[in-house]
Amino acid sequence: MIVNLIGGIEDAFLKNASSPKSTDDKGILIVLIYVVIIVSIVAFALFKKKIRDKFVAVETRNAEIVELRKAEGSKEWYVVTFENGESKVMRNLIAGKLVIAPGDYGRLTYQGNIIKDFKKEGNTGKGIVTATRNINSLLLIGIVIVVILFVLWYIEQENKSMQGVGVNLEHFKDYFD
């Protein structure tokens with residue numbers, strides 16, 4: 001179906017091409033259409049699993065965090081074992097807010113393979129890790145705010161130094177008509 005659609009678009013553009021330049025323009029358009037279709041297919045394949053997890057029921061079960069498989073920014077992948085012996089690889093998308101470590105045991109709330117919440121049972125001694133992550137997050141936010149304020153100040157200084165400098169746009173008039 002998609003191939004027939006693209007073929008019809010190609011025929012429509014190539015029949016109307018009257019000069020070599022317009023043929024080149026039509027060829028570029030056809031290539032862009034192919035690129036958009038390919039990118040759409042790849043994007044669908046990448047996000048298919050993420051979309052599927054949204055339609056699965058939210059469950060809560062007792063579980064133990066067995067190992068940290070991979071950590072990447074604010075995303076972490078864990079191997080989790082449930083009370084019945086079932087093991088799953090699950091994602092923690094809120095690693096800065098929900099601190100989990102191998103060996104933790106408690107009530108795990110998840111949807112598909114995404115961890116929504118984890119309530120630890122007993123004292124696991126991870127309070128220092130949580131406090132450190134929160135401080136690091138606040139420090140990063142502070143640095144971003146300072147950089148934004150500096151950029152705004154710099155732009156204001158540049159605007160003050162450019163006051164009174166005029167730009168004559170008359171020679172550009174032909175381009176805008």
Side-chain angles (χ1 to χ4, degrees), residues 6 9 13 20-56 58 65 67-80 89-104 106 108-120 124-177:
I6 294 171
I9 293 171
F13 282 116
K21 184 174 181 349
S22 66
T23 304
D24 291 342
D25 292 343
K26 305 306 181 201
I28 291 171
L29 182 62
I30 291 170
V31 169
L32 287 175
I33 291 172
Y34 279 123
V35 168
V36 167
I37 290 172
I38 290 170
V39 168
S40 299
I41 291 170
V42 170
F44 177 75
L46 291 175
F47 294 109
K48 181 179 164 186
K49 188 170 187 170
K50 189 179 258 188
I51 293 169
R52 185 183 66 211
D53 285 338
K54 302 253 183 220
F55 296 106
V56 177
V58 176
I65 308 300
E67 74 173 282
L68 172 62
R69 183 71 57 92
K70 181 179 174 184
E72 187 176 280
S74 65
K75 299 175 188 171
E76 298 172 333
W77 285 262
Y78 290 95
V79 176
V80 176
V89 176
M90 305 192 87
R91 296 181 294 169
N92 177 11
L93 300 178
I94 51 175
K97 296 178 184 175
L98 182 63
V99 179
I100 303 172
D104 286 349
L108 178 69
T109 302
Y110 62 96
Q111 185 176 20
N113 71 344
I114 299 172
I115 297 172
K116 296 288 188 180
D117 192 26
F118 185 73
K119 303 276 191 240
K120 299 174 190 171
T124 58
K126 303 295 187 245
I128 294 173
V129 174
T130 304
T132 303
R133 281 193 180 179
N134 290 339
I135 290 170
N136 288 342
S137 297
L138 290 174
L139 183 62
L140 181 63
I141 291 169
I143 291 171
V144 169
I145 290 172
V146 168
V147 168
I148 290 171
L149 289 174
F150 176 77
V151 168
L152 291 173
W153 173 82
Y154 182 78
I155 290 171
E156 183 180 335
Q157 297 301 316
E158 285 295 315
N159 285 340
K160 285 181 182 177
S161 68
M162 295 295 290
Q163 265 182 336
V165 176
V167 178
N168 185 2
L169 298 176
E170 284 298 316
H171 62 282
F172 291 112
K173 188 172 87 172
D174 296 335
Y175 293 109
F176 295 110
D177 287 337

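Just so it is clear, the model here is predicted, and its values are computed rather than measured.
Considering all non-hydrogen atoms of both residues, Ile114 and Met90 come closest at N-CE, 4.5 Å. In terms of heavy-atom proximity, Leu93 sits nearest to Lys75 at CD2-CG, 3.9 Å. Of all the heavy atoms in Leu68 and Pro102, the pair that sits closest is N-CG, 3.7 Å.
Listed by chain and residue number, Phe82 satisfy the ring-ring contact (aromatic ring centres under 6.0 Å, His included) test with Tyr110 (two or more places apart in sequence, or in another chain). With sequence neighbours left out, the ring-ring contact (aromatic ring centres under 6.0 Å, His included) criterion links Tyr154 to no other residue. Qualifying side chain to side chain contact (heavy atoms under 4.5 Å, CB included) partners for Val79, counting only residues two or more places apart in sequence or in other chains: Val66, Glu67, Arg69, Val89.
Here the CD1 atom belonging to Ile100 is positioned 7.0 Å from the CG atom belonging to Leu108, to the nearest 0.5 angstrom. The distance from atom NZ of Lys119 to atom OG1 of Thr109, rounded to the nearest 0.5 Å, is 7.5 Å. Atom CG in Leu139 sits 4.0 Å away from atom CD1 in Ile143 (nearest 0.5 Å).
Formation of a donor-acceptor pair under 3.5 Å by the Asn92 side chain with backbone atoms of Tyr78 is not found in this model.
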